[in-house]
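Sequence lines set the chain letters: A, B, ... in the order given, protein chains first and strands last, and positions in each chain run from 1. Note that the structure is a prediction, hence the values are computed from the model and not measured.
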Amino acid sequence: MERARFWTRRVIWLLTAAALIVPMLVRIRLPMFPSSPARKLYRAVEAIPPDKIMVISTSWEPGTYGENGLQTEALIRHAFESNKRFAIFGWIYPPGPELGQNIAEGLAKRYHKRYGVDWVNWGYRPGYADMIRGWAKDIRAIVSTDAYGTPIGMLPVMKGVHTADDIGLMVEITPTDSIGTLVQFVYGVHRTPLGYAPTGVMAAEAYALLDSGQVVGLLRGLVGAAEYEDLLRHRGEAYRRMIPQSFAHALIILLVILGNVLYLLGRRQGEETPTEVQGEQRAGD
Amino acid sequence: MLHDLAVWLSHQDGVVWLGAVSTLAIYSILYRENPVFRFFEHIFVGVATGYGVQLIVTQVLGPMWWEPMVRRGAWYWIFALLAASLFYFVYSRRLVWMSRLIIGVFMGLTAGNGLVGFVTLVGPQVAASIKPVVVVSAGVPRPDVNHLLFMITLITVMFYFYFSISHAGRRAGAVARVGRWLVMVTFGSIFGLTVMGRMSLLIDRLSFLLFDWLHLRPPG
(Lines give C-alpha, C1' and ligand atoms only; values in the text may rest on other atoms or scores of the structure.)
Protein backbone atom coordinates (compact mmCIF):
# COMPACT_ATOMS: atom_id res chain seq x y z
CA MET A 1 0.00 0.00 0.00
CA GLU A 2 2.80 2.40 0.99
CA ARG A 3 4.67 1.59 -2.21
CA ALA A 4 1.54 2.25 -4.29
CA ARG A 5 1.11 5.66 -2.63
CA PHE A 6 4.78 6.49 -3.31
CA TRP A 7 4.42 5.80 -7.02
CA THR A 8 0.94 7.35 -7.37
CA ARG A 9 2.36 10.78 -6.53
CA ARG A 10 5.24 10.40 -8.99
CA VAL A 11 2.88 9.31 -11.74
CA ILE A 12 0.68 12.37 -11.07
CA TRP A 13 3.72 14.64 -11.35
CA LEU A 14 4.79 12.97 -14.59
CA LEU A 15 1.28 13.38 -16.01
CA THR A 16 1.31 17.06 -14.98
CA ALA A 17 4.69 17.55 -16.66
CA ALA A 18 3.37 15.90 -19.83
CA ALA A 19 0.19 18.03 -19.75
CA LEU A 20 2.37 21.13 -19.62
CA ILE A 21 5.23 20.20 -21.97
CA VAL A 22 3.26 18.74 -24.90
CA PRO A 23 1.10 21.88 -25.47
CA MET A 24 4.25 24.00 -25.21
CA LEU A 25 5.79 22.17 -28.17
CA VAL A 26 2.73 21.55 -30.34
CA ARG A 27 0.79 24.34 -32.04
CA ILE A 28 -2.59 24.54 -30.33
CA ARG A 29 -4.99 27.50 -30.33
CA LEU A 30 -7.55 28.18 -27.62
CA PRO A 31 -10.02 31.05 -27.43
CA MET A 32 -9.43 33.89 -24.99
CA PHE A 33 -12.20 35.94 -23.38
CA PRO A 34 -10.88 39.02 -21.53
CA SER A 35 -12.61 39.39 -18.17
CA SER A 36 -14.33 42.51 -16.90
CA PRO A 37 -11.55 43.38 -14.37
CA ALA A 38 -8.90 43.24 -17.14
CA ARG A 39 -11.06 45.39 -19.45
CA LYS A 40 -11.49 47.94 -16.68
CA LEU A 41 -7.73 48.23 -16.21
CA TYR A 42 -7.24 48.56 -19.97
CA ARG A 43 -9.80 51.40 -20.09
CA ALA A 44 -8.18 53.09 -17.06
CA VAL A 45 -4.81 53.16 -18.88
CA GLU A 46 -6.48 54.55 -22.00
CA ALA A 47 -8.14 57.28 -19.90
CA ILE A 48 -4.90 58.69 -18.40
CA PRO A 49 -4.80 62.38 -19.44
CA PRO A 50 -1.65 63.68 -21.19
CA ASP A 51 -0.71 65.96 -18.30
CA LYS A 52 -0.48 63.05 -15.86
CA ILE A 53 2.01 60.21 -15.50
CA MET A 54 1.39 56.49 -15.05
CA VAL A 55 3.32 54.71 -12.30
CA ILE A 56 4.19 51.04 -12.81
CA SER A 57 5.10 49.76 -9.37
CA THR A 58 7.27 46.68 -9.88
CA SER A 59 6.97 45.15 -6.41
CA TRP A 60 8.17 41.71 -7.49
CA GLU A 61 11.30 39.57 -7.67
CA PRO A 62 12.61 37.06 -10.26
CA GLY A 63 10.75 34.21 -8.51
CA THR A 64 7.37 35.43 -9.81
CA TYR A 65 8.50 36.49 -13.28
CA GLY A 66 6.18 33.84 -14.72
CA GLU A 67 3.21 35.97 -13.62
CA ASN A 68 4.33 39.47 -12.62
CA GLY A 69 6.93 39.78 -15.39
CA LEU A 70 4.39 39.11 -18.10
CA GLN A 71 1.87 41.48 -16.48
CA THR A 72 4.56 44.19 -16.43
CA GLU A 73 5.38 43.53 -20.08
CA ALA A 74 1.72 43.83 -21.14
CA LEU A 75 1.26 47.10 -19.23
CA ILE A 76 4.48 48.67 -20.57
CA ARG A 77 3.51 47.62 -24.08
CA HIS A 78 0.16 49.36 -23.64
CA ALA A 79 1.83 52.50 -22.29
CA PHE A 80 4.19 52.64 -25.29
CA GLU A 81 1.41 51.91 -27.80
CA SER A 82 -0.90 54.57 -26.40
CA ASN A 83 1.90 57.14 -25.86
CA LYS A 84 1.43 57.32 -22.09
CA ARG A 85 4.52 58.44 -20.20
CA PHE A 86 5.27 56.26 -17.21
CA ALA A 87 7.60 55.76 -14.24
CA ILE A 88 8.91 52.43 -12.99
CA PHE A 89 9.01 52.42 -9.20
CA GLY A 90 9.95 49.86 -6.53
CA TRP A 91 9.17 50.03 -2.83
CA ILE A 92 8.81 46.38 -1.76
CA TYR A 93 11.67 44.44 -3.41
CA PRO A 94 14.95 46.13 -4.46
CA PRO A 95 15.34 44.15 -7.74
CA GLY A 96 11.87 45.17 -9.02
CA PRO A 97 12.78 48.41 -10.83
CA GLU A 98 15.76 46.78 -12.58
CA LEU A 99 13.55 43.94 -13.80
CA GLY A 100 10.95 46.44 -15.03
CA GLN A 101 13.67 48.50 -16.71
CA ASN A 102 14.92 45.43 -18.62
CA ILE A 103 11.40 44.84 -19.96
CA ALA A 104 10.96 48.52 -20.89
CA GLU A 105 14.32 48.66 -22.70
CA GLY A 106 13.42 45.51 -24.65
CA LEU A 107 10.14 47.02 -25.86
CA ALA A 108 11.39 50.62 -26.31
CA LYS A 109 13.38 49.75 -29.45
CA ARG A 110 10.29 48.39 -31.14
CA TYR A 111 8.18 51.46 -30.31
CA HIS A 112 11.03 53.99 -30.78
CA LYS A 113 10.73 55.33 -27.24
CA ARG A 114 13.47 57.16 -25.35
CA TYR A 115 14.45 56.92 -21.69
CA GLY A 116 13.89 60.17 -19.84
CA VAL A 117 11.37 61.38 -22.40
CA ASP A 118 8.81 58.58 -22.55
CA TRP A 119 9.64 56.76 -19.33
CA VAL A 120 11.79 57.01 -16.22
CA ASN A 121 13.08 54.55 -13.66
CA TRP A 122 12.67 55.95 -10.15
CA GLY A 123 14.51 52.96 -8.68
CA TYR A 124 13.87 51.40 -5.29
CA ARG A 125 12.99 53.40 -2.20
CA PRO A 126 12.87 51.77 1.26
CA GLY A 127 10.54 52.71 4.11
CA TYR A 128 7.27 51.02 3.13
CA ALA A 129 4.16 52.81 4.44
CA ASP A 130 6.04 55.76 5.98
CA MET A 131 7.92 56.37 2.73
CA ILE A 132 4.71 56.06 0.68
CA ARG A 133 2.96 58.68 2.83
CA GLY A 134 5.78 61.18 2.27
CA TRP A 135 6.21 60.22 -1.39
CA ALA A 136 2.54 60.81 -2.16
CA LYS A 137 2.77 64.36 -0.76
CA ASP A 138 6.08 65.26 -2.44
CA ILE A 139 7.43 62.81 -5.01
CA ARG A 140 10.64 64.75 -5.69
CA ALA A 141 11.57 64.89 -2.01
CA ILE A 142 11.72 61.08 -1.93
CA VAL A 143 12.76 60.47 -5.55
CA SER A 144 15.30 63.25 -6.02
CA THR A 145 17.28 61.26 -8.62
CA ASP A 146 16.38 58.44 -10.99
CA ALA A 147 17.86 54.94 -10.67
CA TYR A 148 21.09 56.10 -12.37
CA GLY A 149 21.68 59.22 -10.25
CA THR A 150 20.31 61.79 -12.73
CA PRO A 151 18.46 64.63 -10.95
CA ILE A 152 14.79 63.95 -11.57
CA GLY A 153 14.03 67.59 -12.49
CA MET A 154 16.28 67.33 -15.56
CA LEU A 155 14.16 64.64 -17.22
CA PRO A 156 11.39 65.85 -19.60
CA VAL A 157 9.18 62.90 -18.61
CA MET A 158 8.83 64.45 -15.12
CA LYS A 159 7.28 67.69 -16.35
CA GLY A 160 4.41 68.69 -14.03
CA VAL A 161 4.84 65.64 -11.77
CA HIS A 162 5.14 66.69 -8.11
CA THR A 163 2.62 64.80 -5.97
CA ALA A 164 0.31 61.77 -6.17
CA ASP A 165 -2.32 64.16 -7.58
CA ASP A 166 -0.22 64.29 -10.77
CA ILE A 167 -0.44 60.51 -11.25
CA GLY A 168 -3.15 59.38 -13.66
CA LEU A 169 -2.92 55.73 -12.65
CA MET A 170 -0.65 53.69 -10.40
CA VAL A 171 -0.54 49.94 -11.07
CA GLU A 172 0.82 47.73 -8.30
CA ILE A 173 2.35 44.52 -9.73
CA THR A 174 3.20 42.17 -6.89
CA PRO A 175 2.97 38.76 -5.21
CA THR A 176 2.43 40.55 -1.84
CA ASP A 177 -0.51 42.36 -0.20
CA SER A 178 1.23 45.74 -0.65
CA ILE A 179 -1.84 47.13 -2.45
CA GLY A 180 -3.37 47.70 1.00
CA THR A 181 -0.78 50.39 1.80
CA LEU A 182 -1.41 52.15 -1.51
CA VAL A 183 -5.17 52.01 -1.00
CA GLN A 184 -4.75 53.56 2.44
CA PHE A 185 -2.30 56.33 1.68
CA VAL A 186 -2.44 56.98 -2.07
CA TYR A 187 -6.06 56.29 -3.05
CA GLY A 188 -7.46 56.95 0.44
CA VAL A 189 -5.79 60.35 0.82
CA HIS A 190 -5.20 61.60 -2.74
CA ARG A 191 -7.89 59.66 -4.66
CA THR A 192 -5.20 58.58 -7.16
CA PRO A 193 -6.67 55.75 -9.31
CA LEU A 194 -5.04 52.39 -8.57
CA GLY A 195 -4.73 49.26 -10.69
CA TYR A 196 -3.71 45.91 -9.28
CA ALA A 197 -1.82 43.04 -10.90
CA PRO A 198 -1.32 40.34 -8.25
CA THR A 199 -0.15 36.75 -8.65
CA GLY A 200 -2.92 34.16 -8.89
CA VAL A 201 -2.52 33.27 -5.21
CA MET A 202 -3.44 36.82 -4.14
CA ALA A 203 -6.17 37.45 -6.70
CA ALA A 204 -9.20 36.19 -4.74
CA GLU A 205 -8.73 38.82 -2.03
CA ALA A 206 -8.54 41.60 -4.61
CA TYR A 207 -12.21 41.43 -5.54
CA ALA A 208 -13.28 43.32 -2.40
CA LEU A 209 -11.03 46.21 -3.51
CA LEU A 210 -12.47 46.10 -7.02
CA ASP A 211 -16.05 45.94 -5.77
CA SER A 212 -15.58 48.97 -3.51
CA GLY A 213 -13.90 51.00 -6.27
CA GLN A 214 -10.59 51.21 -4.40
CA VAL A 215 -8.88 49.71 -7.44
CA VAL A 216 -10.13 50.45 -10.94
CA GLY A 217 -9.02 47.22 -12.60
CA LEU A 218 -7.36 43.90 -11.97
CA LEU A 219 -5.03 41.46 -13.73
CA ARG A 220 -5.26 38.02 -12.11
CA GLY A 221 -1.88 36.31 -12.44
CA LEU A 222 -0.90 34.79 -15.77
CA VAL A 223 -4.46 34.71 -17.11
CA GLY A 224 -4.69 38.46 -16.44
CA ALA A 225 -1.55 39.07 -18.49
CA ALA A 226 -2.93 36.88 -21.32
CA GLU A 227 -6.25 38.75 -21.25
CA TYR A 228 -4.40 42.05 -21.45
CA GLU A 229 -2.39 40.82 -24.43
CA ASP A 230 -5.65 39.90 -26.11
CA LEU A 231 -7.04 43.39 -25.47
CA LEU A 232 -3.86 44.83 -27.01
CA ARG A 233 -4.37 42.52 -30.02
CA HIS A 234 -0.90 41.15 -29.41
CA ARG A 235 -1.11 37.53 -28.33
CA GLY A 236 2.38 36.93 -26.97
CA GLU A 237 4.14 34.94 -24.29
CA ALA A 238 1.35 35.12 -21.68
CA TYR A 239 -1.23 33.82 -24.17
CA ARG A 240 1.14 31.03 -25.27
CA ARG A 241 1.63 29.98 -21.64
CA MET A 242 -2.11 29.88 -20.95
CA ILE A 243 -2.45 26.91 -23.33
CA PRO A 244 -0.38 24.46 -21.22
CA GLN A 245 -2.00 26.07 -18.18
CA SER A 246 -5.45 25.12 -19.50
CA PHE A 247 -4.35 21.53 -20.17
CA ALA A 248 -2.89 21.23 -16.66
CA HIS A 249 -6.12 22.54 -15.14
CA ALA A 250 -8.16 20.01 -17.13
CA LEU A 251 -5.84 17.24 -15.86
CA ILE A 252 -6.21 18.40 -12.25
CA ILE A 253 -10.01 18.45 -12.55
CA LEU A 254 -9.93 14.88 -13.90
CA LEU A 255 -7.58 13.77 -11.09
CA VAL A 256 -9.81 15.38 -8.44
CA ILE A 257 -12.84 13.50 -9.82
CA LEU A 258 -10.84 10.26 -10.06
CA GLY A 259 -9.48 10.68 -6.53
CA ASN A 260 -12.97 11.20 -5.11
CA VAL A 261 -14.38 8.19 -6.99
CA LEU A 262 -11.54 5.96 -5.68
CA TYR A 263 -12.04 7.38 -2.18
CA LEU A 264 -15.77 6.56 -2.22
CA LEU A 265 -15.14 3.09 -3.66
CA GLY A 266 -12.51 2.48 -0.96
CA ARG A 267 -14.91 3.52 1.76
CA ARG A 268 -17.58 1.20 0.40
CA GLN A 269 -15.08 -1.66 0.54
CA GLY A 270 -14.16 -0.74 4.14
CA GLU A 271 -10.63 0.53 3.40
CA GLU A 272 -9.04 3.02 5.77
CA THR A 273 -8.87 6.52 4.31
CA PRO A 274 -5.50 8.33 4.24
CA THR A 275 -6.86 10.78 6.88
CA GLU A 276 -7.72 7.93 9.21
CA VAL A 277 -4.29 6.35 8.71
CA GLN A 278 -2.55 9.68 9.45
CA GLY A 279 -4.75 10.18 12.53
CA GLU A 280 -3.83 6.76 13.87
CA GLN A 281 -0.14 7.39 13.19
CA ARG A 282 -0.30 10.70 15.10
CA ALA A 283 -2.11 9.02 17.97
CA GLY A 284 0.63 6.35 17.99
CA ASP A 285 3.34 9.01 18.09
CA MET B 1 40.69 28.37 -11.88
CA LEU B 2 38.05 30.59 -10.26
CA HIS B 3 38.78 33.24 -12.88
CA ASP B 4 38.28 30.70 -15.67
CA LEU B 5 35.01 29.59 -14.07
CA ALA B 6 33.81 33.21 -13.84
CA VAL B 7 34.72 33.83 -17.50
CA TRP B 8 32.92 30.65 -18.55
CA LEU B 9 29.85 31.56 -16.48
CA SER B 10 29.76 35.07 -17.88
CA HIS B 11 29.33 33.49 -21.30
CA GLN B 12 25.60 33.29 -22.04
CA ASP B 13 25.49 29.50 -22.43
CA GLY B 14 27.37 29.02 -19.16
CA VAL B 15 24.75 30.97 -17.25
CA VAL B 16 21.94 29.07 -18.98
CA TRP B 17 23.59 25.72 -18.21
CA LEU B 18 24.05 26.70 -14.58
CA GLY B 19 20.39 27.72 -14.37
CA ALA B 20 19.24 24.49 -16.01
CA VAL B 21 21.34 22.24 -13.77
CA SER B 22 20.15 24.14 -10.67
CA THR B 23 16.51 23.87 -11.76
CA LEU B 24 16.76 20.12 -12.38
CA ALA B 25 18.61 19.61 -9.09
CA ILE B 26 15.89 21.42 -7.16
CA TYR B 27 13.16 19.45 -8.98
CA SER B 28 14.90 16.17 -8.04
CA ILE B 29 13.06 16.45 -4.69
CA LEU B 30 9.95 15.38 -6.59
CA TYR B 31 11.37 11.87 -6.73
CA ARG B 32 12.65 11.77 -3.17
CA GLU B 33 14.89 13.55 -0.67
CA ASN B 34 18.50 13.41 -1.93
CA PRO B 35 21.93 15.02 -1.35
CA VAL B 36 21.95 16.82 -4.73
CA PHE B 37 18.74 18.66 -3.80
CA ARG B 38 20.14 19.53 -0.36
CA PHE B 39 23.36 20.87 -1.88
CA PHE B 40 21.55 23.14 -4.35
CA GLU B 41 19.03 24.21 -1.70
CA HIS B 42 21.89 25.48 0.45
CA ILE B 43 23.47 27.21 -2.54
CA PHE B 44 20.13 28.90 -3.26
CA VAL B 45 19.79 30.15 0.31
CA GLY B 46 23.36 31.48 0.27
CA VAL B 47 23.03 33.17 -3.12
CA ALA B 48 19.67 34.74 -2.22
CA THR B 49 21.05 36.10 1.05
CA GLY B 50 24.20 37.43 -0.60
CA TYR B 51 22.18 39.01 -3.40
CA GLY B 52 19.88 40.68 -0.86
CA VAL B 53 22.77 42.08 1.18
CA GLN B 54 24.46 43.37 -1.98
CA LEU B 55 21.26 45.12 -3.08
CA ILE B 56 20.70 46.73 0.30
CA VAL B 57 24.28 48.00 0.38
CA THR B 58 24.46 49.26 -3.22
CA GLN B 59 20.89 50.54 -3.65
CA VAL B 60 19.86 51.67 -0.18
CA LEU B 61 22.65 52.18 2.35
CA GLY B 62 25.20 53.50 -0.18
CA PRO B 63 23.22 56.10 -2.13
CA MET B 64 20.63 57.00 0.51
CA TRP B 65 22.62 56.97 3.75
CA TRP B 66 26.42 56.81 3.33
CA GLU B 67 26.74 59.16 0.33
CA PRO B 68 24.61 62.02 1.75
CA MET B 69 26.26 61.69 5.17
CA VAL B 70 29.89 61.49 4.04
CA ARG B 71 29.96 63.37 0.72
CA ARG B 72 27.06 65.83 0.84
CA GLY B 73 27.32 67.13 4.38
CA ALA B 74 24.13 65.55 5.73
CA TRP B 75 25.92 64.65 8.98
CA TYR B 76 22.65 64.15 10.86
CA TRP B 77 22.19 60.78 9.13
CA ILE B 78 24.59 59.44 11.81
CA PHE B 79 21.60 59.44 14.16
CA ALA B 80 20.00 56.76 11.97
CA LEU B 81 22.95 54.49 12.77
CA LEU B 82 22.69 55.24 16.49
CA ALA B 83 18.93 54.61 16.50
CA ALA B 84 19.29 51.40 14.50
CA SER B 85 22.04 50.18 16.83
CA LEU B 86 19.53 50.16 19.68
CA PHE B 87 17.93 47.07 18.13
CA TYR B 88 21.06 45.04 18.93
CA PHE B 89 20.77 45.62 22.68
CA VAL B 90 18.16 42.88 22.62
CA TYR B 91 21.14 40.51 23.03
CA SER B 92 22.17 42.09 26.37
CA ARG B 93 20.20 41.16 29.49
CA ARG B 94 21.37 44.28 31.33
CA LEU B 95 20.73 46.78 28.52
CA VAL B 96 17.73 45.17 26.85
CA TRP B 97 15.59 48.17 27.90
CA MET B 98 17.42 50.25 25.27
CA SER B 99 16.16 48.01 22.48
CA ARG B 100 12.63 48.53 23.76
CA LEU B 101 12.94 52.28 23.06
CA ILE B 102 13.36 51.83 19.33
CA ILE B 103 10.94 48.90 19.16
CA GLY B 104 8.36 51.09 20.94
CA VAL B 105 8.86 53.88 18.41
CA PHE B 106 8.26 51.45 15.53
CA MET B 107 5.22 49.96 17.27
CA GLY B 108 3.78 53.44 17.68
CA LEU B 109 4.39 54.29 14.02
CA THR B 110 2.85 51.02 12.86
CA ALA B 111 -0.17 51.40 15.15
CA GLY B 112 -0.73 54.98 13.97
CA ASN B 113 -0.52 53.94 10.32
CA GLY B 114 -2.80 51.00 11.04
CA LEU B 115 -5.45 53.21 12.59
CA VAL B 116 -5.50 55.61 9.64
CA GLY B 117 -5.28 52.70 7.24
CA PHE B 118 -8.19 50.83 8.77
CA VAL B 119 -10.53 53.73 8.13
CA THR B 120 -9.41 54.30 4.53
CA LEU B 121 -9.06 50.59 3.65
CA VAL B 122 -12.02 48.91 5.34
CA GLY B 123 -14.47 51.83 5.49
CA PRO B 124 -15.23 51.98 1.74
CA GLN B 125 -15.51 48.16 1.62
CA VAL B 126 -18.13 48.18 4.40
CA ALA B 127 -20.02 50.92 2.58
CA ALA B 128 -19.86 48.98 -0.70
CA SER B 129 -21.28 45.90 1.04
CA ILE B 130 -24.70 47.52 1.38
CA LYS B 131 -26.23 46.84 -2.01
CA PRO B 132 -29.83 47.27 -3.18
CA VAL B 133 -31.45 43.95 -4.03
CA VAL B 134 -34.04 45.77 -6.17
CA VAL B 135 -32.81 48.27 -8.73
CA VAL B 136 -34.87 50.66 -10.84
CA SER B 137 -34.01 50.40 -14.51
CA ALA B 138 -35.86 52.72 -16.96
CA GLY B 139 -38.48 53.40 -14.29
CA VAL B 140 -39.15 49.69 -13.73
CA PRO B 141 -38.08 48.09 -10.43
CA ARG B 142 -36.48 44.67 -10.90
CA PRO B 143 -34.46 42.35 -8.68
CA ASP B 144 -30.70 42.40 -9.11
CA VAL B 145 -29.59 38.76 -8.93
CA ASN B 146 -25.91 39.61 -8.39
CA HIS B 147 -26.69 41.92 -5.49
CA LEU B 148 -29.13 39.40 -4.03
CA LEU B 149 -26.49 36.66 -4.16
CA PHE B 150 -23.95 39.04 -2.59
CA MET B 151 -26.31 39.93 0.27
CA ILE B 152 -27.21 36.27 0.94
CA THR B 153 -23.49 35.44 1.06
CA LEU B 154 -22.69 38.39 3.31
CA ILE B 155 -25.47 37.69 5.81
CA THR B 156 -25.11 33.89 6.00
CA VAL B 157 -21.29 33.99 6.28
CA MET B 158 -21.42 36.69 8.97
CA PHE B 159 -24.03 34.64 10.81
CA TYR B 160 -21.80 31.55 10.61
CA PHE B 161 -19.10 33.53 12.45
CA TYR B 162 -21.58 34.96 14.99
CA PHE B 163 -21.26 32.75 18.05
CA SER B 164 -23.59 34.49 20.53
CA ILE B 165 -26.56 32.64 19.04
CA SER B 166 -26.61 28.87 19.08
CA HIS B 167 -26.47 27.29 15.63
CA ALA B 168 -28.21 24.18 16.97
CA GLY B 169 -31.73 25.33 16.07
CA ARG B 170 -33.32 24.35 12.78
CA ARG B 171 -33.49 27.81 11.19
CA ALA B 172 -30.28 29.19 12.69
CA GLY B 173 -28.54 25.91 11.78
CA ALA B 174 -29.72 26.15 8.18
CA VAL B 175 -28.48 29.75 7.80
CA ALA B 176 -25.13 28.88 9.38
CA ARG B 177 -24.85 25.80 7.14
CA VAL B 178 -25.40 27.92 4.02
CA GLY B 179 -22.74 30.32 5.33
CA ARG B 180 -20.32 27.45 5.85
CA TRP B 181 -20.90 26.12 2.34
CA LEU B 182 -20.30 29.57 0.86
CA VAL B 183 -17.06 29.86 2.85
CA MET B 184 -16.07 26.49 1.37
CA VAL B 185 -16.80 27.80 -2.14
CA THR B 186 -14.52 30.76 -1.40
CA PHE B 187 -11.75 28.46 -0.18
CA GLY B 188 -12.17 26.43 -3.38
CA SER B 189 -11.84 29.59 -5.44
CA ILE B 190 -8.70 30.65 -3.55
CA PHE B 191 -7.23 27.15 -3.94
CA GLY B 192 -8.00 27.15 -7.67
CA LEU B 193 -6.21 30.48 -8.10
CA THR B 194 -3.30 29.14 -6.05
CA VAL B 195 -3.01 26.13 -8.37
CA MET B 196 -3.06 28.51 -11.34
CA GLY B 197 -0.31 30.60 -9.77
CA ARG B 198 1.93 27.63 -9.04
CA MET B 199 1.40 26.20 -12.53
CA SER B 200 2.35 29.58 -14.03
CA LEU B 201 5.67 29.49 -12.20
CA LEU B 202 6.27 25.87 -13.27
CA ILE B 203 5.51 26.82 -16.89
CA ASP B 204 8.07 29.64 -16.56
CA ARG B 205 10.75 27.14 -15.50
CA LEU B 206 9.76 24.62 -18.19
CA SER B 207 9.85 27.38 -20.77
CA PHE B 208 13.41 28.17 -19.67
CA LEU B 209 14.45 24.52 -19.86
CA LEU B 210 12.82 23.81 -23.23
CA PHE B 211 13.52 27.01 -25.15
CA ASP B 212 16.52 28.71 -23.51
CA TRP B 213 18.49 25.61 -22.54
CA LEU B 214 17.52 22.93 -25.04
CA HIS B 215 16.91 25.49 -27.82
CA LEU B 216 13.68 23.84 -28.92
CA ARG B 217 11.48 26.02 -31.11
CA PRO B 218 8.19 27.23 -29.62
CA PRO B 219 5.22 26.64 -31.94
CA GLY B 220 4.50 29.71 -34.09
Side-chain angles (χ1 to χ4, degrees), chain A residues 6 9-10 13 16-17 20-21 23-28 63-67 69-70 93-95 97-98 123-126 129-130 133 145 147 149 175 180-181 183-185 187-189 199-205 208-209 211-214 220-223 237 240-241 244-245 248-249 252, chain B residues 27 30-32 48 51-52 54-56 58-61 63-65 67 106 109-110 112-114 116-129 131 150 186-187 189-211 216-220:
Chain A
F6 177 86
R9 285 190 180 185
R10 275 83 192 154
W13 289 329
T16 307
L20 291 172
I21 291 170
M24 289 174 84
L25 298 175
V26 180
R27 185 185 164 89
I28 300 168
T64 55
Y65 180 87
E67 295 181 274
L70 298 171
Y93 294 122
E98 191 182 335
Y124 170 77
R125 292 294 182 277
D130 299 311
R133 291 182 79 167
T145 60
T181 303
V183 168
Q184 290 166 30
F185 302 116
Y187 172 77
V189 178
T199 47
V201 178
M202 301 298 293
E205 295 168 33
L209 299 168
D211 190 50
S212 62
Q214 290 167 306
R220 304 160 302 161
L222 179 62
V223 69
E237 191 60 28
R240 271 197 292 276
R241 291 186 184 190
Q245 177 90 268
H249 285 195
I252 289 167
Chain B
Y27 281 155
L30 292 174
Y31 178 66
R32 60 168 37 154
Y51 182 61
Q54 177 270 136
L55 278 174
I56 293 296
T58 59
Q59 291 197 23
V60 181
L61 292 177
M64 294 177 206
W65 178 69
E67 293 278 331
F106 272 81
L109 283 171
T110 308
N113 276 340
V116 176
F118 182 79
V119 175
T120 51
L121 180 67
V122 181
Q125 291 177 24
V126 172
S129 298
K131 295 177 188 293
F150 183 93
T186 309
F187 288 157
S189 161
I190 293 171
F191 186 69
L193 284 163
T194 303
V195 170
M196 182 183 81
R198 299 298 181 235
M199 284 294 163
S200 304
L201 302 182
L202 178 57
I203 290 168
D204 190 48
R205 281 292 80 197
L206 289 174
S207 182
F208 168 76
L209 290 174
L210 294 174
F211 306 128
L216 297 176
R217 285 172 67 87

statement: On a heavy-atom basis, the closest approach of Phe150(B) and Asp211(A) is CE1-OD2, 3.9 Å
message: Before you tell me yes or no, could you show the steps for Leu30(B) and Arg9(A) under side-chain contact (heavy atoms from CB on, under 4.5 Å), namely the whole-Å CA-CA distance, both residues' side-chain angles and the distance that decides it to 0.1 Å?
response: CA-CA 9 Å; Leu30(B) 292 174; Arg9(A) 285 190 180 185; over 6 Å; no
- line: Note: Val60(B) and Tyr124(A) closest approach over all heavy atoms is CG2-CE2, 3.5 Å
- line: Distance col, row Leu121(B):CG vs Gln184(A):CD, nearest 0.5 angstrom, shows 5.0 Å
Nearest heavy-atom neighbours spanning Met24(A) and Pro219(B): O-CD, 2.9 Å
- prompt: Yes or no on side-chain contact (heavy atoms from CB on, under 4.5 Å) for Thr120(B) and Val183(A), after CA distance, side-chain angles and deciding distance?
  reply: CA-CA 7 Å; Thr120(B) 51; Val183(A) 168; 6.0 Å; no
Region of Tyr31(B) that comes under 4.5 Å of a non-hydrogen atom in chain A: both
- prompt: Between Arg10(A) and chain B, which part of the residue has a heavy atom less than 4.5 Å away: side chain, backbone, both or neither?
  reply: side chain
Any residue meeting side-chain contact (heavy atoms from CB on, under 4.5 Å) with Ile252(A), in chain and number order, not counting sequence neighbours: Val256(A), Val195(B), Met199(B)
field: Top contributor to chain A interface from Gly112(B), Ser189(B), Ser207(B) [non-hydrogen pairs under 4.5 Å]
entry: Ser207(B)
message: For Phe208(B), which atoms come within 4.5 Å of any heavy atom of chain A: side chain, backbone, both, or neither?
response: neither
field: Closest approach of Tyr65(A) to Asp204(B) (non-hydrogen atoms, all atoms of both residues)
entry: CD2-OD1, 3.7 Å
field: Which portion of Ile203(B) sits near chain A, non-hydrogen atoms under 4.5 angstrom
entry: both
query: Who passes salt bridge (Lys or Arg N to Asp or Glu O under 4.0 Å) against Glu98(A), sequence neighbours left out?
result: none
- line: Looking only at Ala248(A), Pro95(A), Pro23(A), the option with the highest number of non-hydrogen pairs under 4.5 Å against chain B is Pro95(A)
query: Looking at Ser129(B), Gly192(B), Pro124(B), Gly52(B), which makes the most heavy-atom pairs under 4.5 Å with chain A?
result: Pro124(B)
message: With a 4.5 angstrom heavy-atom cut-off, is it the side chain or the backbone of Arg205(B) that approaches chain A, or both, or neither?
response: neither
- line: Counting heavy-atom pairs under 4.5 angstrom with chain B, the leader among Thr64(A), Leu70(A), Asp130(A) is Asp130(A)
- request: Please name the pair of heavy atoms, one in Gln125(B) and one in Ser212(A), separated by the smallest distance, quoted to 0.1 Å.
  value: CG-OG, 3.7 Å
- prompt: Any idea which of Pro244(A), Gly149(A), Gly213(A), Gly66(A) has the most non-hydrogen atom pairs under 4.5 angstrom with chain B?
  reply: Gly66(A)
message: Which atoms of Thr145(A) are under 4.5 Å from chain B, going by heavy atoms: the side chain, the backbone, both sets, or neither?
response: neither
message: Which atoms of Pro175(A) are under 4.5 Å from chain B, going by heavy atoms: the side chain, the backbone, both sets, or neither?
response: neither
field: Flag side-chain contact, heavy atom, 4.5 Å: Asn113(B) against Arg133(A)
entry: yes
statement: Highest number of heavy-atom pairs under 4.5 Å with chain B among Leu222(A), Val26(A), Leu25(A) belongs to Leu25(A)
message: Check whether Gln59(B) reaches the backbone of Ala147(A) with its side chain - one donor and one acceptor, N or O, closer than 3.5 Å.
response: no
statement: dist Phe211(B):CZ -> Glu237(A):CD (nearest 0.5 Å) comes out at 7.5 Å
query: Taking everything shown except Phe118(B) itself, do over 12 heavy atoms lie less than 6.0 Å from its CZ?
result: no
query: Can you tell if the side chain of Tyr93(A) reaches within under 4.5 Å of the side chain of Leu55(B), non-hydrogen atoms only?
result: no
query: Between Phe6(A) and chain B, which part of the residue has a heavy atom less than 4.5 Å away: side chain, backbone, both or neither?
result: side chain
query: Taking everything shown except Gln54(B) itself, do over 12 heavy atoms lie less than 6.0 Å from its CD?
result: yes
message: Please give me the minimum heavy-atom distance between Ser200(B) and Gln245(A), naming the atom from each residue.
response: OG-NE2, 2.8 Å
message: At a heavy-atom distance under 4.5 Å, which candidate from Gly63(A), Gly69(A), Pro94(A) has the highest pair count against chain B?
response: Pro94(A)
message: So for Arg125(A), is it side chain, backbone, both, or neither that comes closer than 4.5 Å to the heavy atoms of chain B?
response: both
message: As an exercise, state the distance from CZ of Arg241(A) to CG of Leu202(B), rounded to the nearest 0.5 Å.
response: 11.0 Å
